[in-house]
Asker: 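Here it is, the structure in full.
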Amino acid sequence: MLGSADSAVITGADGAAYNRLLSRVHEAMATGTAAPARPRETIAESWRRLRQRGLRPDRNTAAASLRGDTSAPHADRLRRLFPQLLTHAQPLVDDNDTLLVLADADGTLIDTAGHRRSRDRAEEIGFLPGHFWAEQNVGTNAIGTALVTKRPVAVHGAEHFLIGQHGWSCAAAPIRDPWTGVIQGVVDLSLPLDQAHPALLALASSIARTASLELAAAHRRDLDLLRARSVAETRGLATPWAVIDDSGWVADSSGVDARRRISIPGTITAGDEWIAPLGEVDVIPLEHGWLLRGRDGGTDEHDATALVEIRRGDTGREITVFTGTRRRAIAVTPRQADILVLLAHSDHGFSAAELSAQLYGTPERDVTVRAEISRLRRTLGTLIAASPYRFAAGVVVEFAD
C-alpha cells in the first residue's frame, strides 16, 4: 500500500520515484491492468465511487467544474472571513506558488488567493471562484473528497482521478459549525507537484479550525444585530413569536420554546406558514431575517401539531397534511413516499447516505437522495427537518389503509 496516512507525501530524492509510481498505479486503474502497488485507502475508496458513477479519468476538468453557485446562506459569512484566513497562510502564498482556496459545503469555490502565476495555472483546470469542485464532478480532489469523507484529506499528483489535475498536490479540511458540527465549507491549500510538502495537511486543518471559531463569532454578532433591529417589530406583541435568520437560528423569541434553531423551509417567503414549534404563523420579512408571529388568540397544542396521514391508494401512497385549520392533499412520487415511510419509522432520522443505503442498497446514491428530499421540503416545508433528515418536532404521522 502507498502509505497509510492521508497526508502521505514523499519529498526529496525519493519524491520523483514516488510520483512515477503513483502514475503507474493510476494508469493501471484507468486501463484495468494489474497495479504495481495499492493506493491509499481514502484514494482507493474515492476511485471506486467514481468508477461506479461512470466518470472517465480523461474528462476535461475545466468543463466538469462549470456548474457552481455561491448563493448558500453561509457563503457570504465565509467570504467575509477569507482575508483573516489568508493571514495564516500568507508566508506560503507570498513566497511560493501555493494557493489558498475557500469553498462552500457543496464544493463551490468562494475565493482564492495566490501568486498570479499559480492562479493562471489554476484557471486552466477551472480552479476558480464560482466553479464546482464536488467529487462527483471533477473526481478525487482534496476539496470534494474531504466533503465526502467529512475529514481532512490530502491528494497528491496522480492520486487525483482526472489526469488534468496530476500536476498538483492539495490538502483540504472541512470547516464545521461549532454549535452543530455541520460542515459549512472547506479550506484548501494547493500547489504544484514539485513543491509538495507533508505539512500542508496540518496547516490546512489548523486554518479550518480557526475558520470554525471565527464563523461562530461572526454568527453571534449577526444574531445580536438582528435582535437589535427587530425590537420595534416585536415590542408589545401578545402572541408567541420568534425572530430568526435566513437559516432558522433564533435571535430572539417570546412565549415559545424555540431553543437555538427552528427548522424552516429551504425557501421561506412572507405569508402564512406552519412552522414547529409555533404552529400556524405569519412570516414577516426583516432585514437579514424573519419574524415568525403566532396567530391572534395564541398558539395552543392543537395549532402547534401537524398530522401527516399516509394512506395506501390505487396508484400508490396518498399523503394528506393537516395543519391547524388547513387540509392539503400532497402529490409525491413513489420514491418520495418510500422516504416518508422510512422517516416515519425512525426515532433519530437518517443521513443522506443512510437513506441511500435503505432505498438503493448502497450509500453512493446520496446525491439523488438529497435531490428527492429537497423536492419534498419544497412541498412539505418545515414538516421535514434536516441534519439528520426526519419529521420535525410537532409532526404526528399516521398510516391508514
Side-chain angles (χ1 to χ4, degrees), residues 1-2 4 6 25-26 28-33 35 38-59 61 64-65 67 103-108 132-153 155 159-162 165 172 174 176 181-183 186 266 310 316-317 332-378 380 384-391:
M1 178 182 290
L2 293 173
S4 58
D6 275 340
V25 171
H26 183 276
M29 177 275 296
T31 60
T33 56
R38 290 170 54 199
R40 293 183 292 131
E41 190 57 32
T42 298
I43 302 302
E45 290 175 357
S46 175
W47 287 0
R48 280 195 293 270
R49 287 191 295 269
L50 296 166
R51 288 176 67 83
Q52 288 173 357
R53 292 181 185 276
L55 201 68
R56 292 173 54 90
D58 60 354
R59 188 180 191 189
T61 301
S65 69
R67 189 186 74 79
D104 70 12
D106 294 324
T108 301
F132 192 56
W133 275 70
E135 187 186 77
Q136 70 266 22
N137 271 52
V138 296
T140 309
N141 73 94
I143 290 172
T145 305
L147 287 171
V148 172
T149 62
K150 297 179 172 55
R151 65 175 187 267
V153 170
V155 181
E159 290 182 329
H160 291 88
F161 188 81
L162 298 192
Q165 301 165 31
R176 293 184 179 274
V182 174
I183 293 175
V186 181
I310 302 177
R317 302 277 185 176
V332 298
T333 66
R335 181 60 73 199
Q336 291 168 353
D338 291 342
I339 291 174
L340 293 177
V341 171
L342 286 171
L343 297 183
H345 286 99
S346 171
D347 293 330
H348 305 292
F350 296 93
S351 68
E354 289 168 341
L355 276 175
S356 174
Q358 292 282 334
L359 294 167
Y360 301 105
T362 172
E364 304 299 334
R365 301 285 297 277
D366 55 311
V367 174
T368 301
V369 168
R370 288 191 184 95
E372 292 287 6
I373 290 284
S374 178
R375 297 183 189 102
L376 273 174
R377 296 192 80 199
R378 284 198 292 270
L380 296 175
I384 305 294
S387 300
Y389 296 122
R390 64 200 186 282
F391 278 105

Asker: Taking Glu159 first and then Arg40, would you say they form a salt bridge - that is, a charged N and a carboxylate O separated by under 4.0 Å?
Answerer: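 A salt bridge is present here (some side-chain N lies under 4.0 Å from a carboxylate O).
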Asker: Once you round to the nearest 0.5 Å, how far does OG of Ser46 lie from NE2 of His160?
Answerer: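 These two atoms lie 10.0 Å from each other.
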Asker: Give the intermediate values and the outcome of side-chain contact (heavy atoms from CB on, under 4.5 Å) for residues Arg335 and Leu359.
Answerer: CA-CA 8 Å; Arg335 181 60 73 199; Leu359 294 167; 3.7 Å; yes
Asker: Side chains of Ile384 and Phe391: closer than 4.5 Å at any heavy-atom pair?
Answerer: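 Yes - at least one pair of side-chain heavy atoms lies under 4.5 Å apart.
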Asker: Is there a donor-acceptor pair under 3.5 Å between the side chain of Arg390 and the backbone N or O of His348?
Answerer: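 No: the side chain of Arg390 does not pair with the backbone of His348.
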Asker: May I ask you to decide if Pro388's main-chain N or O and Ser351's side chain share a donor-acceptor pair within less than 3.5 Å?
Answerer: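 Judged by distance alone, no pair lies under 3.5 Å.
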Asker: Closer than 3.5 angstrom, by distance alone: can the side chain of Gln165 be matched with the main-chain N or O of Leu162 as a donor-acceptor pair?
Answerer: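 No, the answer is negative, given that no donor and acceptor are paired below the 3.5 Å cut-off.
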Asker: Given the rule in the side-chain contact (heavy atoms from CB on, under 4.5 Å) test, do Val155 and Asn141 qualify, once you have shown the distances and angles that lead to the verdict?
Answerer: CA-CA 6 Å; Val155 181; Asn141 73 94; 5.5 Å; no
Asker: How many angstroms lie between atom CD of Gln52 and atom CZ of Arg365, to the nearest 0.5 angstrom?
Answerer: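 Output value for this atom pair is 11.0 Å.
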Asker: For the residue pair Ala30 and Pro57, what are the closest heavy atoms and their distance?
Answerer: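 Here Ala30 and Pro57 meet closest at CB-CG, 4.0 Å.
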Asker: Answer yes if the side chains of Arg151 and Thr42 hold a donor-acceptor pair under 3.5 Å, and no otherwise.
Answerer: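 Yes - a donor-acceptor pair under 3.5 Å links their side chains.
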Asker: Would you compute the distance between atom CD of Gln358 and atom CG of Asp338 and round it to the nearest 0.5 angstrom?
Answerer: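 Between atom CD of Gln358 and atom CG of Asp338 there are 11.0 Å.
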Asker: Going from CG on Leu55 to CZ on Arg49, what distance comes out if it is rounded to the nearest 0.5 angstrom?
Answerer: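 Answer rounded to 0.5 Å: 12.0 Å.
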Asker: What do you reckon, is CZ of Arg53 surrounded by more than 12 foreign heavy atoms closer than 6.0 Å?
Answerer: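 Yes, because the 6.0 Å sphere around CZ of Arg53 holds more than 12 heavy atoms from other groups.
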Asker: Lys150 versus Ile183: any side-chain heavy-atom pair under 4.5 Å?
Answerer: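 The answer is yes, as the side chains (C-beta and beyond) meet within the 4.5 Å cut-off.
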Asker: List the steps and the verdict of side-chain contact (heavy atoms from CB on, under 4.5 Å) for Gln336 and Arg317.
Answerer: CA-CA 10 Å; Gln336 291 168 353; Arg317 302 277 185 176; over 6 Å; no
Asker: Measuring from atom CG of Leu340 to atom CG of Leu380, what distance do you get when rounded to the nearest 0.5 angstrom?
Answerer: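 These two atoms lie 6.0 Å from each other.
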Asker: With a 3.5 Å distance limit and no angle check, can you tell me whether Asn137 reaches the backbone of Ala64 through a side-chain donor-acceptor pair?
Answerer: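 Yes; at least one donor-acceptor contact below 3.5 Å.
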Asker: Between Tyr389 and Leu355, what is the shortest heavy-atom contact and its length?
Answerer: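 In this case the closest contact between Tyr389 and Leu355 is CD1-CD1, 4.1 Å.
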Asker: Does Asp106 offer a backbone N or O that forms a donor-acceptor pair with the side chain of Asp104 under 3.5 Å?
Answerer: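 A pair under 3.5 Å: yes.
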Asker: Identify the heavy atoms of Gly107 and Ile143 that sit nearest to each other, and give their distance.
Answerer: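 Closest heavy-atom pair between Gly107 and Ile143: CA-CG2, 4.3 Å.
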Asker: Whether the side chain of Arg51 engages the backbone of Met29 through a donor-acceptor N/O pair (distance < 3.5 Å, no angle test) should be reported.
Answerer: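 Side chain of Arg51 to backbone of Met29, a donor-acceptor pair under 3.5 Å: yes, one is there.
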Asker: With side-chain contact (heavy atoms from CB on, under 4.5 Å) as the test, would you mind laying out the steps for Tyr360 and Asp366 before giving the verdict?
Answerer: CA-CA 10 Å; Tyr360 301 105; Asp366 55 311; over 6 Å; no
Asker: Would you compute the distance between atom NE2 of His345 and atom CG of Leu343 and round it to the nearest 0.5 angstrom?
Answerer: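 Rounded to the nearest 0.5 Å, the NE2-CG separation comes out at 11.0 Å.
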Asker: Would a distance-only check, ignoring hydrogens and angles, find a side-chain to backbone donor-acceptor pair under 3.5 Å from Ser346 to Leu342?
Answerer: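 No: the side chain of Ser346 does not pair with the backbone of Leu342.
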Asker: Taking all atoms of both residues into account, what is the closest heavy-atom pair of Pro152 and Pro174, and its distance?
Answerer: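 Smallest interatomic distance, heavy atoms only, reads N-CD, 3.7 Å.
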